[in-house]
Amino acid sequence: MVLHTRYSQIGRNTSRDSIFNGEDPKRNALVNKVVDPTVSFAEDSARTVVSKVVDPAVTFVEDCARTVIQEVMNPTVTFVEDSARSVIQELMNPTEEFIATQLQRPQDVIEQQGILDNLLASNGARFPGDDYHTPDLKNWMAHLSVETLALNKIVWPGTHHSATNGLPWPTRPLVECQTLSIYEQLVLGTRVFDIHVQKDRRVCHGDHRPSYNVDVVLNDIIRFVSETQSEIIILEIRTEFGENDPPEFDTYLVDKLGPWLIHQDDNLFNKPVSEILPKKVICIWKPRESPKPVRGGALWNSDYLKDNWTNTDLPWTKFQSNMNHLKEQQPISSRRFFYRVENTLTPQPDSPILLIKPVNGRIREYARLFISRCIAEGCIDKLQIFSRDFINEDFVDACIGLTYARINGRV
């Protein structure tokens with residue numbers, strides 16, 4: 001009804017076709033004055049909205065995105081990549097190397113023991129004096145005749161970390177190098193002792209828990225020299241690495257061992273034991289901070305006992321290192337200090353076996369082979385102090401036998 005009315009009204013003035021064909025002047029005027037400006041305004045408004053709102057918003061979003069990428073995502077990606085590299089370098093690579101070492105070490109041990117076994121099978125472990133057996137290990141020097149037994153003829157059986165028999169559990173299997181007391185070692189024939197002390201005068205092994213007071217060691221020595229007539233002892237006491245010296249320790253040693261101390265004298269090396277007695281103890285004190293003992297005094301300083309320590313748990317490596325270092329020394333007859341070879345191995349942190357006893361079992365039984373190889377390689381005249389962990393009678397017997405051969409001119 002409404003549409004009909006409108007067409008009827010329009011029809012009075014113009015035709016329907018004229019309206020839609022744009023021929024109506026009123027319509028044209030309406031378009032020109034209202035519609036076109038409105039469209040232009042809308043278009044201008046749209047352009048304004050685009051230029052002032054949409055474009056800045058898009059630019060802002062794009063800038064924010066770039067900022068997020070530059071300040072968040074890129075650093076995050078870089079951090080993740082750096083972290084991954086750090087994990088690989090600091091954790092995975094060392095872990096792989098550690099595992100590889102753990103797997104390789106037993107094979108290396110077997111291979112190196114095989115070398116020693118083959119050497120033993122092909123060359124044997126015989127040497128002049130190996131058939132000599134003292135009738136009394138406690139008094140073996142007396143049985144070799146102190147009148148002909150010069151100090152520099154002796155092959156001194158010694159122990160490494162001598163006072164570790166009393167170390168506490170649970171660290172004992174990791175640090176115990178001897179199961180016998182100092183007195184028991186002396187009775188077995190040991191004549192050189194390696195004692196480590198800390199500030200409170202207790203004996204120790206590295207940074208592990210300490211054991212008994214050094215008084216126990218000295219009392220064992222005093223007991224032994226009081227019971228025997230002709231046995232000379234070398235007692236090396238040192239402040240443990242990383243520890244402070246016990247206060248006035250040199251005075252303490254002299255007061256404790258005074259009647260038995262052999263004063264430092266370069267001329268003693270060629271003298272027979274009979275001319276050194278009744279003094280029986282050469283005490284070598286090696287402090288870390290305190291002044292070292294002066295020449296000619298009651299105590300000997302570190303210059304008079306030397307060695308070359310090779311830190312390894314591989315038997316052939318240690319065997320060869322000991323031999324090579326020994327070859328570099330002067331003959332005993334021309335030097336004025338004691339030189340020690342240690343037939344020992346040291347457990348390594350990257351090895352699957354860390355217990356001292358099984359590790360040292362890899363080399364303990366090759367002591368006689370070492371002596372025979374010293375003869376074969378021409379350095380037997382340089383072997384003097386020979387030490388080991390877990391001292392036993394056969395080791396002592398080998399040292400005494402070689403000493404016997406020396407004083408009888410067989411080597």
Side-chain angles (χ1 to χ4, degrees), residues 120 124-146 148-162 177-178 180 182 184-194 224 228 230-236 269 272-273 280-282 305-307 318-319 322-323 325-326 329 331-333 335 337-344 360 363-377 379-411:
L120 184 62
R126 301 302 303 273
F127 55 86
D130 67 346
D131 54 348
Y132 174 81
H133 306 286
T134 180
D136 182 4
L137 288 169
K138 184 177 180 179
N139 294 281
W140 65 263
M141 288 187 180
H143 287 279
L144 290 178
S145 176
V146 294
T148 58
L149 181 60
L151 214 61
N152 61 9
K153 296 287 187 181
I154 299 172
V155 181
W156 303 77
T159 50
H160 169 244
H161 274 295
S162 307
C177 298
Q178 309 297 332
L180 302 177
I182 298 299
E184 290 169 333
Q185 292 176 47
L186 283 161
V187 172
L188 187 65
T190 309
R191 294 296 179 265
V192 180
F193 297 92
D194 165 37
F224 178 80
T228 56
S230 307
E231 306 305 303
I232 304 292
I233 297 166
I234 299 175
L235 172 64
E236 177 198 42
F269 291 94
V273 170
K280 299 178 181 179
V281 179
I282 295 173
L305 178 50
K306 302 179 183 181
D307 53 35
K318 186 61 176 280
F319 192 96
N322 282 342
M323 187 68 67
H325 284 303
L326 184 62
Q329 305 306 312
I332 299 170
S333 59
R335 67 179 182 233
F337 61 87
F338 297 100
Y339 183 79
R340 173 172 51 203
V341 173
E342 296 194 286
N343 192 55
T344 60
N360 271 276
I363 197 171
R364 275 199 306 268
E365 305 311 315
Y366 301 109
R368 288 180 177 267
L369 175 63
F370 185 83
I371 294 175
S372 70
R373 294 310 303 164
C374 286
I375 294 174
E377 299 190 30
C379 57
I380 195 62
D381 61 334
K382 301 176 180 182
L383 183 61
Q384 190 171 33
I385 296 175
F386 200 24
S387 294
R388 64 167 278 174
D389 288 333
F390 305 104
I391 192 79
N392 66 9
E393 182 175 335
D394 183 72
F395 183 85
V396 174
D397 209 41
C399 294
I400 297 172
L402 184 58
T403 303
Y404 174 81
R406 275 184 176 166
I407 63 175
N408 286 282
R410 295 172 59 186
V411 288

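Note that the coordinates shown come from a computational prediction; the quantities given were computed from them, not determined experimentally. Note that the numbering runs from 1 along the sequence shown for the chain.
Surrounding CD of Glu393 are at most 12 heavy atoms belonging to other residues, nucleotides or ligands under 6.0 Å away. The environment of CZ in Arg410 is crowded: more than 12 heavy-atom neighbours from other residues, nucleotides or ligands sit within 6.0 Å.
Residues Leu137 and Ile400 form a side-chain contact, since some pair of their non-hydrogen atoms from C-beta on lies under 4.5 Å apart. Side-chain atoms of Met323 and Phe370, non-hydrogen and from C-beta on, do get closer than 4.5 Å to each other. Considering only heavy atoms from C-beta on, Leu149 comes within 4.5 Å of Ile154 through its side chain. Leu180 is listed as a side-chain neighbour of Leu188, based on a closest heavy-atom distance under 4.5 Å.
Side-chain atoms of Thr190 never come within 3.5 Å of backbone atoms of Pro157 as a donor-acceptor pair (strictly under, hydrogens ignored). With Asn392 contributing its side chain and Phe395 its backbone, the two residues share a donor-acceptor pair below 3.5 Å. When atom types are taken as modelled, the side chain of Arg340 and the backbone of Glu342 share no donor-acceptor pair closer than 3.5 angstrom. Side chain of Lys382 to main chain of Tyr339: no donor-acceptor pair is present (N/O by atom type, distance under 3.5 Å, no hydrogens or angles). Between the side chain of Lys318 and the backbone N or O of Thr344 there is at least one donor-acceptor pair closer than 3.5 Å. In this structure, Trp140 contributes its side chain and Gly189 its backbone to a donor-acceptor pair below 3.5 Å.
The nearest pair of heavy atoms linking Asp136 to His143 is CB-NE2, 3.5 Å. Taking each heavy atom of Ile385 and Ile234 in turn, the nearest pair found is CD1-CD1, 4.2 Å. The shortest heavy-atom contact between Pro128 and Val411 is CG-CG1, 3.4 Å. Between Cys177 and Asp389, the closest heavy-atom pair is CB-OD1, 3.3 Å. Asp381 approaches Pro331 most closely through the heavy-atom pair OD2-CB, 3.6 Å. Closest of all the heavy-atom pairs between Leu120 and Ala125 is CD1-CB, 3.6 Å.
Of the candidates Arg364, Gln178, His160, Arg388 forms a side-chain contact (heavy atoms from CB on, under 4.5 Å) with just one, namely Arg364.
To the nearest 0.5 Å, the span separating CD on Gln384 from CG on Leu151 amounts to 8.0 Å. Interatomic distance, Asn343 CG to Ile371 CD1, rounded to the nearest 0.5 Å: 9.0 Å. To the nearest 0.5 Å, atom CD1 of residue Ile233 and atom CE of residue Met141 are 8.5 Å apart. Taking OG1 of Thr403 as the start and CZ of Phe386 as the end, the distance is 12.0 Å to the nearest 0.5 Å. Put simply, CG on Leu383 and CZ on Arg373 are 14.0 Å apart, with the number rounded to the nearest 0.5 Å. If you take SG on Cys379 and NE2 on His325, they are separated by 13.0 Å, rounding to the nearest 0.5 Å.
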Could you go step by step and tell me if Glu184 and Val187 meet the side chain to side chain contact (heavy atoms under 4.5 Å, CB included) rule?
CA-CA 5 Å; Glu184 290 169 333; Val187 172; 5.7 Å; no

Test side chain to side chain contact (heavy atoms under 4.5 Å, CB included) applied to Leu402 and Ile380, step by step
CA-CA 10 Å; Leu402 184 58; Ile380 195 62; 3.6 Å; yes

Take Asp194 and Ser162 through the test side chain to side chain contact (heavy atoms under 4.5 Å, CB included) and record every step on the way to the result.
CA-CA 5 Å; Asp194 165 37; Ser162 307; 4.0 Å; yes

Evaluate side chain to side chain contact (heavy atoms under 4.5 Å, CB included) for Val341 paired with Asp307, printing each intermediate quantity in order.
CA-CA 6 Å; Val341 173; Asp307 53 35; over 6 Å; no

Test ring-ring contact (aromatic ring centres under 6.0 Å, His included) on Phe319 and Tyr366 and set out the steps.
CA-CA 9 Å; Phe319 192 96; Tyr366 301 109; 7.3 Å; no

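With a 6.0 Å cutoff to the six-membered ring centre and a 45° limit on the axis angle, Lys306 counts as a cation-pi contact of Phe337.
Ring pair Phe269/Phe338 is tilted by interplanar angle, where 30° to 60° counts as tilted.
Salt-bridge check for Arg191 with Glu231: passed, with a basic side-chain N closer than 4.0 Å to an acidic carboxylate O. Looking at Asp131 and Arg126, no side-chain N of the basic residue comes within less than 4.0 Å of a carboxylate O on the acidic one, giving no salt bridge.
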